[in-house]
Undergrad: 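Got a structure for you, questions after.
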There are 2 protein chains.
Amino acid sequence: MKELKISLYSLLIQEFIDKEPIQKFKAGTILFNEKETVKYVYILVDGAVSLGRVHVKGKEFILKILNGEELILEYQIFKDQPFYYYYGKTFTDCEMLLIKREDFEEFVRTNPAANSALTAWLSTRYLKAQMKCMDLIMNGKKGGLYSILIRLCNTYGVPVEDGILIDVPLTHQELANLTYGTREVVQRMLKELRELGVVSYEQQKLTIRDLNYIREAVDCQRCPIEICGIN
Amino acid sequence: MKELKISLYSLLIQEFIDKEPIQKFKAGTILFNEKETVKYVYILVDGAVSLGRVHVKGKEFILKILNGEELILEYQIFKDQPFYYYYGKTFTDCEMLLIKREDFEEFVRTNPAANSALTAWLSTRYLKAQMKCMDLIMNGKKGGLYSILIRLCNTYGVPVEDGILIDVPLTHQELANLTYGTREVVQRMLKELRELGVVSYEQQKLTIRDLNYIREAVDCQRCPIEICGIN
DNA sequence: CCTGTATTGACATCATTTCCACATTTATAT
DNA sequence: ATATAAATGTGGAAATGATGTCAATACAGG
């Protein structure tokens, strides 16, 4: 799967790198909002982009965070006048290629290798999205946070001497938004994990010192990394 | 989109109807379980199939219910030794075609029209799955049930003189499982809706008499029907 | 170095949801 | 027709999670 993802990404880069400039965006830039028509497909070269929705009452849910070499394709492909169903904004500073939707679709339609790679990529994303949602729905807020921590390890984890460093700054509020919980609840759960020596938290970066503790607490099925991520 | 779905289904029927027999399954038959290798792609000709997971503690979540002329493709396509991540079982008596996974993938690889149709179908399912999960996560149990009711109307709704009949028998327990809630809570919420004259319930079939009441209570965005369903 | 702002930590209160216990009704099978 | 199982209805205690408030830190910019 990893190969297919890379292959899709590199097929796209090959095709479009000379046609479009790499653009830079500051953290917090809104790329699109729900109900907006889809103009571009974004190829993320570096940085992280969050996708999510805001409830009428103001509370925010971060559906996922995409990072690294990644494709941002969150609409009904091949449909007339497609639009977005949730927002997309840069989570950190980003570099990306913006490809016109029509050009992207034309490329996929006329390139069987790209189409197959895209199909594989979509079927994986489809499963991953559903597994992540089920974890959030079926495990309560504590289990939801634990499942987010596991996914963060898979997507952002860097092995360090005392565990796995989640190498992206995350505030308690952002962690809360990833589970649609509250900052206070996250704060308490992290405090408990800190006191148990399971995690440590410095400069807004978490280090998971005992991933097994977290995995056992949520009955983690050790899904392959391409299925278990925050992306 | 509807056209593309139909086109994918009919492309598949065209290709496989003479090669495989239509098989019948009784309600409650388990088609696959999580962690089982994927042998077949199922083409549902008639009936309904539910997909979901069971928590270690025994509580069940119904992720979705597929019905009618439908494709059941819930694995990482083009991957070696793919397996399922959740169960699939017949919800009602069903008729379906079982296509060997390899034959299905070969067909998609060599048929550009089928591949494009599948890509479009997957991108729609991907969005639909995420919208449904977000509704369940962001609206509490009451909002979750309401969103399930709206989706049931879209997928199973039959206009009748006093509203929209959801033409499939559903127990309170099954409704609860669709939101990962409890039977008691569903019972109380339905009672309230019944007393308000918003729904009626006979022979395990719901009639929604005032869909607008439900829509307004969950700030329904009136998404197109291909995005808002229980499937 | 000071000041305004964002983040973290802590706690009390309130609302939602689950869990448990049991009664009643409805369907199914003999 | 009767026994049995399945589904529905109800009440109350317990757990979980949200909300609001306030103090203590950390940090960035002038």
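Throughout, protein chains are lettered first and strands after them, A, B, ... in sequence-line order, and every chain is numbered starting at 1. Atoms considered below: every heavy atom in the structure, side chains included; atoms not considered: hydrogens, waters and symmetry mates. Everything quoted here is computed from the prediction, not taken from an experiment.
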Undergrad: ring-ring contact (aromatic ring centres under 6.0 Å, His included) with A:Tyr146: which residues, sequence neighbours excluded?
TA: none

Undergrad: Using atom NZ of A:Lys141 as one end and atom P of C:dT18 as the other, report the distance to the nearest whole Å.
TA: 12 Å

Undergrad: Output yes when at least one side-chain N/O atom of B:Tyr180 is less than 4.0 Å from OP1 or OP2 of C:dT17, else no.
TA: no

Undergrad: With no hydrogens and no angle check, just 3.5 Å: does a side-chain donor-acceptor pair link A:Gln173 and A:Asn177?
TA: yes

Undergrad: Listed by chain and number, what are the side-chain hydrogen bond (donor to acceptor under 3.5 Å, both in side chains) partners of B:Tyr126, not counting sequence neighbours?
TA: A:Lys64, A:Glu74

Undergrad: Can you tell me the distance, in whole Å, between the OH atom of B:Tyr201 and the C1' atom of C:dT25?
TA: 13 Å

Undergrad: Which residues pass the salt bridge (charged side-chain N to carboxylate O under 4.0 Å, His left out) test with A:Lys205, not counting sequence neighbours?
TA: A:Asp167

Undergrad: Tell me, which pairs form a salt bridge (Lys or Arg N to Asp or Glu O under 4.0 Å) where one or both residues lie in residues 174-203 of chain A, sequence neighbours left out?
TA: A:Lys142-A:Glu192

Undergrad: How many whole angstroms separate atom CG of A:Leu175 from atom C1' of C:dG9?
TA: 15 Å

Undergrad: Going 5' to 3' on DNA chain D, which nucleotide is the first and which the last to come under 4.0 Å of a heavy atom in chain A?
TA: D:dG17 to D:dC27

Undergrad: List the atom pairs, donor and acceptor, that lie under 3.5 Å between side-chain atoms in residues 51-59 of chain B and the rest of the protein, sequence neighbours left out.
TA:
| residue | atom | partner | partner atom | Å |
| --- | --- | --- | --- | --- |
| B:Arg53 | NE | B:Tyr85 | O | 3.4 |
| B:Arg53 | NH2 | B:Glu34 | OE1 | 2.8 |
| B:His55 | ND1 | B:Lys57 | N | 3.0 |
| B:His55 | NE2 | A:Asn139 | OD1 | 3.3 |
| B:Lys59 | NZ | B:Tyr180 | O | 3.4 |

Undergrad: Heavy atoms within less than 4.0 Å of DNA chain C: which residues of residues 182-191 of chain B have one? Give them sorted by number.
TA: B:Thr182, B:Glu184, B:Val185

Undergrad: Going by salt bridge (charged side-chain N to carboxylate O under 4.0 Å, His left out), name the residues that satisfy it together with A:Lys141, two or more places apart in sequence or in a different chain.
TA: none

Undergrad: Listed by chain and number, what are the side-chain hydrogen bond (donor to acceptor under 3.5 Å, both in side chains) partners of B:Tyr87, not counting sequence neighbours?
TA: B:Glu60

Undergrad: Look at B:Glu20 together with B:Lys100 and state whether they make a salt bridge at an N to O cut-off of under 4.0 Å.
TA: no

Undergrad: Rounded to whole Å, how long is the line connecting atom CD of A:Glu192 with atom C1' of C:dA10?
TA: 15 Å

Undergrad: List the residues meeting salt bridge (charged side-chain N to carboxylate O under 4.0 Å, His left out) with B:Asp93, not counting sequence neighbours, and say none if there are none.
TA: none

Undergrad: Measure NZ/B:Lys59 against P/C:dC20 and give the value in whole Å, please.
TA: 12 Å

Undergrad: Run the salt bridge (charged side-chain N to carboxylate O under 4.0 Å, His left out) test against B:Arg215 and tell me which residues pass, sequence neighbours left out.
TA: none

Undergrad: By nearest nucleotide on DNA chain D, pick out whichever of A:Gln203 and A:Gly140 is the more 5' one.
TA: A:Gly140

Undergrad: What is the distance from CG of B:Leu145 to P of C:dT18, rounded to the nearest Å?
TA: 12 Å

Undergrad: Considering the terminal five base pairs at each end of the helix from C:dC1-D:dG30 to C:dT30-D:dA1, what angle separates the two local helix axes, rounded to 10°?
TA: 50°

